[in-house]
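Here is the naming used below: chain letters follow the sequence lines, and residue numbers restart at 1 for every chain. The structure displayed is predicted, hence computed values, not measured ones.
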Amino acid sequence: MAYSAPRGTKDILPQEVALWQKLEETCRKVFSFYNYQEIRTPIFESTELFARSIGKTTDIVNKEMYEFKDRKGRSLTLRPEETAPVVRACLENNLIGTDKTTKVYYIGPMFRYERPQAGRQRQFHQAGVEVFGSADPMIDAEVIMMNVRLFEELGLKDLGVNINSVGCAKCRPDYLKKLKSFFKDNIKNMCEDCQNRFITNPLRILDCKQSKCQIYLDDAPHSVESLCQECGGSFDQVLDLLGDSGLKYNVNKRLVRGLDYYTKTTFEITSNQLGAQNAVSGGGRYDKLVEELGGKAIPAVGFAIGLERIIELINNQQLTINNDGAVKLYIAALGNEARKVGFDLINQARAGGISADMDYLGKSLKAQMKTADRVGAKYVYIIGEAELAKKSAVLKEMKTGEQIELEFSALLEKLKSETA
RNA sequence: GCGGCCUUGGUGUAGUGGCAACACAACAGAUUGUGAUUCUGUCGUUGCGGGUUCAAUUCCCGCAGGCCGCCCCA
């Protein structure tokens with residue numbers, strides 16, 4: 001093979017595209033039910049935007065970014081996620097303010113330089129939403145409920161909704177202090193990563209899966225226990241609202257997300273059918289980010305869905321979507337003259353709103369019939385030498401095998417009169 | 001960035017230190033202008049590079065890619 005797709009990237013072939021379109025369509029439909037509007041931002045942004053927002057000590061920024069210099073030496077990065085670009089775009093175009101809520105959604109490719117494995121690629125796709133302007137716990141609840149609604153709409157089963165609160169600028173420092181003093185004595189017995197985390201990002205220690213670290217984690221203080229009054233109150237409200245709506249969730253006190261901008265509510269929806277990479281969506285509140293990126297102090301919530309993982313689930317669960325891409329009319333023509341007539345007829349059909357195709361390889365009639373069958377054509381119109389003279393030919397309905405003689409001029413009317 | 005397993009025609013799989021097998025798909029044909037079936041035929045420099053050997057697809061090394069796990073995330 002001369003060339004292959006770059007590592008960690010995949011072609012989405014015509015056969016699978018129908019499923020992708022269906023998925024994207026469902027996202028759009030559900031998001032707009034909740035009054036969200038689509039926004040499209042560039043695939044790359046200045047590197048600094050991501051470093052500032054996601055956090056300089058995070059894995060994403062440290063080792064996963066597709067960073068490059070353009071011809072003027074500017075450092076740019078293929079977006080590893082889209083929250084920061086959306087914030088940037090909304091600020092730049094004045095879409096958000098303290099006096100209104102702005103609801104947007106996006107669908108598109110993201111890029112992270114990681115080792116590919118099941119459910120993880122270097123180019124992958126996310127659909128996500130962001131709400132700006134409200135600190136009301138109702139918005140947290142709305143966003144989570146909408147996410148769940150979307151998955152229900154897609155027919156996904158056995159998903160778990162995990163929720164936590166990581167506090168705010170007021171209470172988080174206290175919590176980090178508690179964490180540090182809790183680990184202080186034992187940190188030297190813990191893994192190397194955790195020793196680094198102890199300095200750079202103690203929160204992340206909670207997420208460690210190493211068995212030698214696990215023993216110290218059990219009694220570690222949880223962020224929910226150190227929340228200030230405001231954060232604690234809003235967390236309770238979010239849970240109440242979800243409970244009232246009948247949504248089943250699990251408070252996961254260990255849920256730590258890998259992006260630094262989260263405050264208060266964080267959540268993650270997981271599937272037990274995916275292996276190691278089991279998160280299908282994740283998000284939370286980020287009340288400081290807009291300000292951090294140069295705007296006013298505007299609170300925000302959002303989440304992102306991993307579309308490849310959803311596709312994987314749909315395939316696993318053998319949920320089907322119907323494909324009606326087949327053409328209605330296929331013309332089998334024999335000889336140059338007949339092919340010309342056929343070409344004219346399919347173009348008339350198309351102009352008249354009837355999907356049509358014909359053979360362009362000069363194959364035998366048998367082969368043309370075969371092709372018509374395989375592309376799922378509903379009718380085949382067979383034009384040969386004899387038909388040219390009488391300006392009339394046989395129209396065959398593939399499913400029934402029924403054949404009727406029809407004049408060229410009557411073909412379109414006959415097909416149009418068919419119910420779609 | 002680390003570890004394990006894997007890499008044979010379009011796809012899925014055999015197999016052996018010296019003719020690479022099978023199924024499906026695709027294409028062509030089975031007398032003259034008709035699709036699913038049947039029969040026949042066609043389709044591979046065995047991932048790339050190097051080494052051992054008279055000889056390697058089979059043994060060894062390197063690389064790339066895939067899968068899976070760690071890390072992290074969607």
- May I ask which nucleotide in the shown strands pairs with rG69(B), Watson-Crick or G-U wobble, both distances under 3.5 Å? rC2(B)
- Message: Need one value for Gly128(A): base, sugar-phosphate or nothing, where a base atom within 4.0 Å counts as base even if backbone is also close, heavy atoms only.
- Response: nothing
- Touch check for Lys396(A), heavy atoms < 4.0 angstrom, all strands: base, sugar-phosphate only, or nothing? base
- Query: In whole angstrom, what separates Leu334(A)'s CG from rU34(B)'s C1'?
  - Reply: 10 Å
- Nearest to the side chain of Ala279(A), which nucleotide is it out of rC71(B), rA28(B), rA74(B)? rA74(B)
- Ranking Tyr113(A) and Ile305(A) by the position along RNA chain B of their nearest nucleotide, the one closer to 5' is Tyr113(A)
- Any side-chain donor near an acceptor of the partner, Asn147(A) and Ser281(A), under 3.5 Å: yes
- Query: Does rC67(B) have OP1 or OP2 sitting under 4.0 Å from an N or O in the side chain of Gln117(A)?
  - Reply: no
- Per atom distances to the Gln277(A) side chain, the nearest of rC71(B), rA36(B), rA74(B) is rC71(B)
- Hunt down the Watson-Crick or G-U wobble partner of rA14(B), both distances under 3.5 Å, from any strand shown, or write none. none
- Item | Span that lies between the P atom of rA20(B) and that of rC43(B), in whole angstrom | 13 Å
- Task: Could you work out the separation of rU13(B) and rU53(B) based on their P atoms and round it to a whole Å?
- Result: 36 Å
- Distance below 4.0 Å between Arg115(A) side-chain N/O and rG4(B) OP1 or OP2: no
- Identify the residue among Thr101(A), Leu95(A), Val104(A), Leu289(A) that makes a side chain to side chain contact (heavy atoms under 4.5 Å, CB included) with Phe132(A). Val104(A)
- Would you mind classifying the nucleic acid contact of Ala386(A) as base, sugar-phosphate or nothing, using non-hydrogen atoms under 4.0 angstrom? base
- Item | Glu385(A) side chain to Leu388(A) backbone, donor-acceptor under 3.5 Å | no
- Task: Using both distances under 3.5 Å as the test, list the Watson-Crick or G-U wobble partner of rU37(B), or none.
- Result: none
- Task: Using only heavy-atom distances, determine whether the side chains of Ser226(A) and Lys178(A) contain a donor-acceptor pair under 3.5 Å.
- Result: yes
- Message: Considering every strand and a 4.0 Å limit on heavy-atom distances, what is the contact class for Glu312(A): base, sugar-phosphate, or nothing?
- Response: nothing
- rU34(B) base / Gln368(A) side chain donor-acceptor hit below 3.5 Å: no
- Query: Looking only at atom types and distance, does a side-chain atom of Arg120(A) sit under 3.5 Å from a main-chain N or O of Glu114(A), one as donor and one as acceptor?
  - Reply: no
- Expressed in angstrom and rounded to an integer, what is the separation of Met369(A) atom CE from rU34(B) atom P? 9 Å
- Searching all strands shown, indicate the nucleotide that pairs with rG49(B) (Watson-Crick or G-U wobble; both distances under 3.5 Å). rC61(B)
- Hey, are Glu142(A) and Lys103(A) close enough for a salt bridge, meaning a charged N less than 4.0 Å from a carboxylate O? yes
- Nearest whole angstrom, please: distance from the P of rG3(B) to the CD of Glu114(A). 18 Å
- Can you tell me how far P in rG51(B) sits from the matching atom in rC67(B), rounded to whole Å? 31 Å
- Think Arg309(A) has a side-chain N or O under 4.0 angstrom from the OP1 or OP2 of rA74(B)? no
- Compare side-chain N and O positions of Arg120(A) against OP1 and OP2 of rC72(B) and report whether any pair is under 4.0 Å apart. no
- Query: Rounded to whole angstroms, how far apart are CZ on Arg374(A) and P on rU34(B)?
  - Reply: 18 Å
- Query: Angle class for the Phe68(A)/Phe44(A) ring planes (parallel below 30°, perpendicular above 60°, tilted otherwise)?
  - Reply: perpendicular
- May I ask you to say what Glu397(A) touches in the nucleic acid, namely base, sugar-phosphate or nothing, with a heavy-atom cut-off under 4.0 Å? nothing
- For Lys63(A) and rC71(B), what is the distance between atoms NZ and C1' respectively, to the nearest whole Å? 5 Å
- Side chain of Ala118(A) only, please: which of rG66(B), rC68(B), rU34(B) is the nearest? rC68(B)
- Taking the C1' atom of each, how far is rU16(B) from rC22(B), in whole Å? 16 Å
- Just call it for Glu308(A): base, sugar-phosphate, or nothing, with non-hydrogen atoms closer than 4.0 Å on any strand. nothing
- Whole angstrom is fine here: how far is it from CZ in Arg112(A) over to P in rG1(B)? 18 Å
- Message: Checking base pairs now: Watson-Crick or wobble, both atom distances under 3.5 Å. What partners rA26(B)?
- Response: rU42(B)
- Task: On RNA chain B, check which nucleotide each of Thr9(A) and Gln126(A) is closest to and give me the residue with the more 5' one.
- Result: Thr9(A)
- Nearest-Å distance for atom pair CG/P, residues Leu361(A) and rA28(B): 9 Å
- Message: Taking atom types as they are modelled, would you say the side chain of Glu387(A) forms a donor-acceptor pair with the base of rG33(B) within the 3.5 Å cutoff?
- Response: yes
- Message: Can you confirm if the aromatic rings of Tyr105(A) and Tyr36(A) lie within a centre distance of less than 6.0 Å?
- Response: no
- Query: Does NZ or CZ of Arg122(A) lie under 6.0 Å from the centre of the six-membered ring of Tyr113(A), at an angle within 45° of the ring axis?
  - Reply: yes
- Item | rC61(B) and rU52(B), which share atom name C1', separated by this distance in whole Å | 11 Å
- Message: Tell me the interatomic distance from Gln403(A), atom CD, to rG35(B), atom P, rounded to whole angstroms.
- Response: 10 Å
- Message: For the C1' atoms, the ones on rA28(B) and on rG65(B), what distance do you get once it is rounded to whole angstrom?
- Response: 35 Å
- Query: Picking from rC67(B), rU34(B), rC71(B), which would you name as closest to the side chain of Lys10(A)?
  - Reply: rC67(B)
- Query: Contact class for Gly335(A) vs. all strands (heavy atom < 4.0 Å): base, sugar-phosphate, or nothing?
  - Reply: nothing
- Would you mind classifying the nucleic acid contact of Ala372(A) as base, sugar-phosphate or nothing, using non-hydrogen atoms under 4.0 angstrom? nothing
- How far does the C1' atom of rG62(B) sit from the matching atom of rG9(B), given to the nearest Å? 27 Å
- Task: Answer yes or no: side-chain N or O of Lys366(A) and base N or O of rU34(B) forming a donor-acceptor pair under 3.5 Å.
- Result: no
- Query: With a non-hydrogen cut-off below 4.0 angstrom, is Glu64(A) in contact with a base, only sugar-phosphate, or nothing?
  - Reply: sugar-phosphate
- Given the P atoms of rA23(B) and rC63(B), what is the spacing between them in whole Å? 39 Å
